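Heads up: the structure comes next, in structure tokens.
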Amino acid sequence: MKTIADKVRDIVRKIPKGKTMTYKEVATRAGNPKAARAVGAVMRSNYDPSIPCHRVIASDGSMRGYNRGGIERKHEILFDEGVR
DNA sequence: TAGTTGACCGGAA
DNA sequence: ATTCCGGCCAACT
């Protein structure tokens with residue numbers, strides 16, 4: 001059965017390079033506009049280098065965390081991809 | 001099954 | 001602009 005986590009993973013994996021998506025957007029795509037929180041929880045629990053979770057940021061454009069190097073790493077990656 | 005936690009969001013002070 | 005509060009959802013114990 002496809003859980004929200006699976007959908008989220010699929011969606012995040014489809015995020016094009018140089019582009020960023022908010023948790024709310026991902027949640028909406030997953031089918032639950034209010035599941036932004038759950039999205040973050042799932043991402044944190046799910047370690048997967050195939051998933052560019054660094055392209056997922058807060059609705060305000062700020063970043064919250066990164067289980068793969070920390071905020072600095074995330075900021076660096078986004079900056080390197082051309083995201084401001 | 002129920003309770004707790006958290007990479008969230010939006011509004012109010 | 002910053003800080004606080006309540007609400008929603010999924011995963012974990």
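From a predicted model like this one, the values you see are computed outputs, not experimental measurements. As a basis for the values below, the full set of heavy atoms in this structure was taken, side chains included, without hydrogen atoms, waters or symmetry mates. In what follows, chains carry the letters A, B, and so on, assigned in the order in which the sequence lines appear, proteins first and then strands, with residues in each chain numbered from 1.
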Self-check item: Interatomic spacing from CZ in A:Arg84 to CZ in A:Phe79 - rounded to 0.5 Å
Solution: 10.5 Å

What pairs of nitrogen or oxygen atoms, one from the protein and one from nucleotides 11-13 of chain B, lie under 3.5 Å apart?
none

Quiz item: Which other residues belong to the hydrophobic cluster containing A:Ile77, where Ile, Leu, Val, Met, Phe, Trp and Tyr are joined when side-chain heavy atoms lie under 4.5 Å apart, directly or via other members?
Solution: A:Tyr66

Quiz prompt | Side-chain N or O of A:Ser45 closer than 4.0 Å to phosphate OP1/OP2 of C:dA10 | solution = no

Self-check item: For A:Asp60, all residues meeting side-chain contact (heavy atoms from CB on, under 4.5 Å), sequence neighbours excluded
Solution: A:Ala58, A:Ser62

Practice problem: Measure the spacing between CZ of A:Arg29 and NZ of A:Lys14 and express it to the nearest 0.5 Å. | Solution: 10.5 Å

Practice problem: Supply the atom-to-atom distance A:Arg55 CZ to A:Thr20 OG1, rounded to the nearest 0.5 angstrom. | Solution: 10.0 Å

Self-check item: Spacing of A:Ile4 atom CD1 and A:Asn32 atom CG [to the nearest 0.5 Å]
Solution: 4.5 Å

Exercise. Sort out for me which residue in A:Lys7, A:His54, A:Met43 forms a side-chain contact (heavy atoms from CB on, under 4.5 Å) with A:Val12.
Key: A:Met43

Quiz item: Taking CZ from A:Arg9 and P from B:dA7, how many angstroms apart are they, rounded to a whole number?
Solution: 19 Å

Quiz prompt | For atom CD1 of A:Ile4 and atom C1' of C:dC8, their distance in whole Å | solution = 12 Å

Exercise. For DNA chain C, determine which residues of residues 13-39 of chain A have any heavy atom closer than 4.0 angstrom to one of its atoms, and list them numerically.
Key: A:Asn32, A:Lys34, A:Ala35, A:Arg37, A:Ala38

Practice problem: Figure out the CD1/C1' separation between A:Ile11 and C:dA10, and round it to whole Å. | Solution: 14 Å

Self-check item: Those residues of residues 62-84 of chain A lying under 4.0 Å from DNA chain B by at least one heavy atom
Solution: A:Arg64, A:Gly65, A:Asn67

Exercise. Take atom CZ of A:Arg44 and atom C1' of C:dC9, then tell me their distance rounded to the nearest Å.
Key: 15 Å

Quiz prompt | Point-to-point distance, once rounded to the nearest 0.5 Å, from CE of A:Met21 to OG1 of A:Thr28 | solution = 9.0 Å

Quiz item: What heavy-atom pair brings A:Ala36 and A:Ala27 nearest, and what distance separates the two atoms?
Solution: N-CB, 3.5 Å

Exercise. List for me each residue that meets side-chain contact (heavy atoms from CB on, under 4.5 Å) alongside A:Arg9, sequence neighbours excluded, and say none if there are none.
Key: A:Asp6, A:Arg13, A:Asn46, A:Asp48, A:Ile51

Quiz item: A:Asp60 or A:Ala41: which one's nearest nucleotide on DNA chain B is closer to the 5' end?
Solution: A:Ala41

Practice problem: Working to the nearest 0.5 Å, report the span between CD of A:Glu25 and CD1 of A:Ile15. | Solution: 10.0 Å

